[in-house]
Amino acid sequence: MSATSPLEVREKTQTGLPPSQNVQRQLRQSAGHASYASRLLAFAALSACFLGSLSASSPPDAALRADGFSRNVSNCPGYILSGLHETASGLSARLDLAGSACDAFGTDIANLTITVAYETPTRLHVSIVDAAANQFRLPAEFFPRPTGDKITESESGLAFDFESSPFAFWVTRKSTGDILFDTRLSSLPAAPTEALDGSALDGFQLVFEDQYLQLTSALPLDANIFGFGEAVATSGFRRDIAENGTIQTMWARNAPTPENGNTYGAHPVYLEHRINASMNSSATHAVFLSSSAGADIVLTTPPGATQSLVQYRMLGGVLDLYFFAGPTPVATVEQYGAVVGLPTWVPYWAFGFHLCRWGYTDLDDVRAQVENMRDADLPLEVMWNDIDLYHARRDFTTDPVSFPAEEVRAFIQELASNDQHYVPILDAAIGHTANASDDYLPFLTGRDRDVYIKNPDDSLFLGQVWPGYTVWPDWFAENVEGWWAESIANWSALGVEFSGLWLDMDEPTSFCNGSCGTGADLSNTSAPVIFPGEPGNPVIAWPEGYNADIWGLSGNISINGSLTFGADTPVPVVAPPPPLVPDPGDPPYPIHNGFGGLGVKTVAINATHAGGILDLDVHNAFGYMQERATHLALLEVRPDERPFLISRSTFAGSGHWTGHWLGDNFSKWHFMRYVIQGVLQFQLYQIPMVGSDACGFYGNTDEELCNRWMSLAAFVPFFRNHNERGAISQEPYRWDSVATATRAATAVRYALLPYWYTLFADAATKGTPPLRALFFEFPDEAELLSVDQQLLVGPSVLVVPVTTPNVSTIDAVLPGRGNVIWRDWYTHMEVIADRTQNTVELNAPLGHIPVLVRSGMALLLHAQPAYTTTATRAGPFALLVVLDASGTATGHAYIDDGVSPPDSVSVIVNRTLAFDVSGATLRISSDGAYDIPQKLANVTVLGVHEAPKDVRVTGEGRAAFTYEADLQRLNMTGLALSLNEDMLVSWG
Ligand code: MIG
């Protein structure tokens with residue numbers, strides 16, 4: 001922009017600040033990249049330009065000041081600590097407002113209580129609450145937190161220190177003396193200053209008002225921060241704190257994976273990793289603010305500052321903070337899991353391939369998919385249906401013409417007889433009856449039992465979704481769980497004999513703003529949104545580089561022998577939406593919600609829940625509450641099966657109830673690139689069962705993108721291809737090359753299932769993240785911190801997906817700095833990286849995804865990947881041992897029946913195997929009550945330097961083997977070893 005635009009003039013007048021880079025970026029972005037997401041962002045930017053305020057504390061205009069709030073925290077007085085009561089395991093004290101109230105964005109609360117508890121050697125709990133207990137607190141009944149854990153201060157790895165006047169505190173890692181969190185003004189940059197987005201940072205005192213809480217901590221300059229989601233960050237998995245800064249808004253929103261904007265879930269937790277290069281050491285810690293309040297969390301570095309900072313700006317609640325000492329990334333994540341709840345057990349079948357789309361017209365269409373997959377020999381484990389299944393787009397129904405219930409039942413039973421499963425969608429909103437003769441029972445029984453969210457006047461709160469006018473379950477209502485379980489059971493009895501459920505629209509999404517149904521014509525059951533693929537909403541987008549005007553609608557990689565590929569386009573940097581003036585009735589501090597007002601396209605914030613809970617306080621937890629209720633309902637309906645859920649809107653602790661898919665992405669290369677950061681984020685959030693819509697949801701895909709995406713998707717936990725209504729078909733059999741790539745990647749996945757399953761058992765029992773960023777395993781290697789185009793499945797399997805078009809090789813980073821031997825999964829050959837760069841160029845022709853295995857590891861595998869996970873499990877096991885330089889390796893495996901839920905004492909009958917290799921001997925120790933019928937049929941040992949003369953197995957005598965010197969590979973085949981006993985295999 002060379003000349004001053006009217007927008008800038010307007011902005012100057014409104015704020016007195018120079019035009020922010022923020023807005024300029026918005027405008028550039030909206031011009032260059034016309035996605036739905038960017039249109040929304042551009043809209044938000046324009047509104048902001050016209051409406052005003054740019055920061056937490058920019059000068060208020062007269063209209064805003066009418067409510068008496070100053071919108072400026074610079075003269076907030078902070079608090080003074082007194083009445084200190086110290087115990088061996090912590091302290092409590094009063095905090096009283098240190099001067100006159102500033103009433104910045106709410107009314108200052110004069111009297112607070114602080115409680116500090118050393119709970120475990122690696123967990124410190126700091127809670128600052130209003131003494132009168134009027135502020136909303138997460139009810140422990142629904143959001144359990146560990147109670148009773150207590151150690152003495154001297155046993156803690158963390159120290160809490162404070163200054164009394166004004167009150168400030170800091171948390172130190174005792175072993176290193178590092179200060180991890182520090183709210184002292186003397187540690188923070190001098191205020192006022194500004195955030196990198198141009199917004200003002202007026203003051204850093206603790207602010208505790210009814211509708212605004214602010215807490216600021218200094219961080220090391222350009223700190224390595226991960227987490228704060230749900231986010232699709234243009235900076236990658238590592239958050240941007242020093243270049244553009246980050247404003248992560250916590251306000252669950254149905255926005256299709258907006259870059260740098262708030263989206264479906266809210267996770268107010270971050271992990272920080274510090275490397276001490278000179279000491280060759282590192283340590284990780286995490287900070288969790290246990291609050292469902294709407295919020296902006298700011299990561300920034302003020303201009304010229306020598307430190308960065310994190311600032312929490314919360315719209316209510318209390319400051320309930322947990323600090324986790326790690327010190328490894330994996331241990332840190334586990335410690336977080338112990339507070340919010342460990343991930344739910346996942347049934348074995350859920351690791352199979354899932355096929356879905358929006359727009360299967362009828363049951364025949366769905367049946368045809370199952371047949372086509374079988375004909376193409378493409379493993380299909382779970383068939384899904386979207387809202388096409390519904391009658392009148394209502395939950396708990398099937399369309400009598402296109403999906404007759406009895407035929408749906410027969411179809412699902414046929415799937416079951418082939419060891420296949422069925423998962424339907426379940427939307428959050430319940431359609432309101434259209435008139436007095438409408439006998440839609442789920443709505444009517446729910447109304448009778450008083451389970452819906454209300455308006456302040458106690459009438460039903462009405463919004464609008466696919467069925468027309470709708471209500472929403474109030475998950476805090478007394479009868480809601482019974483009604484929900486019964487509705488689910490009835491649906492299943494009707495014919496929809498699902499194996500799991502897909503929870504959508506649980507932000508919750510409405511198509512109108514706030515209470516739009518009260519007084520409206522309820523007989524109008526049309527949705528105000530046109531289905532994609534219908535006139536007025538055609539699906540016209542294609543992947544970067546594909547030109548449909550030239551090549552038509554096939555999406556083929558070549559047409560008449562020439563390549564259908566243009567050029568990849570660079571990804572624009574997208575700033576978060578600027579803050580808006582709050583909608584009337586919204587709290588005075590305008591969080592950067594991409595939709596603007598808090599009630600836009602969702603339930604109004606003044607809607608009420610049982611017990612008088614305001615929707616404002618629990619908006620971010622709607623998804624969590626529904627996931628919990630649905631999980632409990634499934635346990636009631638099928639007490640012998642593990643509930644399987646995939647849900648869109650998640651909150652801290654959701655993983656205890658559900659898995660997650662990353663939502664409505666786009667069929668674009670750069671959205672495929674975001675998959676890895678998304679999957680890694682949710683490992684940190686303790687929702688490890690996560691994946692993307694493979695081949696892309698919005699827009700048409702093409703052969704090459706779908707080929708690469710299916711290959712990647714086979715290496716993330718939740719493996720599903722899902723597509724938008726109206727887009728070209730993208731089931732993996734649609735293109736031969738995609739079918740070939742999918743078969744190959746799926747075979748690797750199914751071979752690895754015992755390993756995957758063990759990783760998820762470790763998640764369910766200890767909170768260990770199954771998937772890992774490279775630095776999780778190699779925490780001292782600073783060069784890995786920004787690597788988020790590769791990922792580790794567990795500690796041992798390194799995946800290097802191709803995420804750009806038109807290439808046949810890829811440069812891989814090999815972690816370990818030469819101290820680890822990496823071998824190619826397919827060939828078993830050693831892969832050697834350049835010694836200074838730690839990188840290597842790998843062959844990656846279309847259809848091939850490079851996978852490397854790490855030395856020092858023993859992996860239990862299925863020897864014969866088959867069509868379903870059941871058929872695969874029926875076959876024998878294999879063991880792959882990759883020796884390290886000193887000839888050792890270890891590993892473990894967890895095995896059970898794959899379906900039983902934990903009983904009341906949380907134990908599933910199981911067997912664990914430990915593998916320990918050294919001195920040319922493999923020791924297998926077997927422990928547990930589960931009887932493994934399948935035998936161990938082969939053992940492959942890589943890294944054996946000399947041809948053995950013979951191989952012996954305990955109790956069996958000599959075993960047949962082959963040895964290949966070039967691969968240093970010892971292969972024992974044709975074994976039939978029981979895994980229910982300890983065993984020794986030795987060679988030499
Ligand atoms: O407004 O059910 O994210 O996966 O296909 C769209 C139709 C509603 C959004 C989900 C998407 C699903 C679609 N749903």
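Atoms within each ligand, like the ligands themselves, are counted from 1 in listed order.
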Main-chain N/O of A231 paired to Q681 side chain as donor or acceptor, under 3.5 Å: yes

Donor + acceptor pair across side chains of T658, H631 (<3.5 Å): no

Atoms of ligand 1 close to F697 [distance to a heavy atom under 4.0 angstrom, numbered from 1]: 4 (O), 5 (O), 11 (C)

Whether M505 lies under 4.0 Å from ligand 1, heavy atom: yes

Sub-6.0 Å ring centroid separation between F595 and W251: no

Min N/O separation D386 to ligand 1 under 3.5 Å: yes

Numbered atoms of ligand 1 (with element) below 4.0 Å of W661, judged on heavy atoms: 3 (O), 4 (O), 10 (C)

For I387, atoms of ligand 1 separated by under 4.0 Å from a heavy atom: 2 (O)

Interfacing atoms of ligand 1 (cut-off 4.0 Å, heavy-atom, H722): 4 (O), 5 (O), 11 (C), 12 (C)

Mode of R725 contact toward ligand 1 - side chain, backbone, both, neither (heavy atoms, under 4.0 Å): neither

Distance from atom 10 (C) of ligand 1 to nearest protein heavy atom, with residue and atom: D504 OD2, 3.2 Å

Electrostatic pair E703:R734 at N-O distance under 4.0 angstrom: no

Member of H660, H722, H354 meeting the ring-ring contact (aromatic ring centres under 6.0 Å, His included) criterion with W502: H722

For W466, atoms of ligand 1 separated by under 4.0 Å from a heavy atom: 1 (O), 6 (C), 8 (C)

Residues that R642 engages under side chain to side chain donor-acceptor pair (under 3.5 Å), provided they are two or more places apart: Y757, D896

Residue selection (non-hydrogen contact nearest atom 3 (O) of ligand 1) among N254, N723, D664: D664

Proximal atoms of ligand 1 relative to W502 (non-hydrogen, under 4.0 Å): 4 (O)

Residues which pass ring-ring contact (aromatic ring centres under 6.0 Å, His included) with F511, listed by chain and number, not counting sequence neighbours: W466

Per-atom contacts of ligand 1 with I425, taking only distances under 4.0 Å to non-hydrogen atoms: 2 (O)

T433 and R447 side chains, donor-acceptor separation under 3.5 Å: no

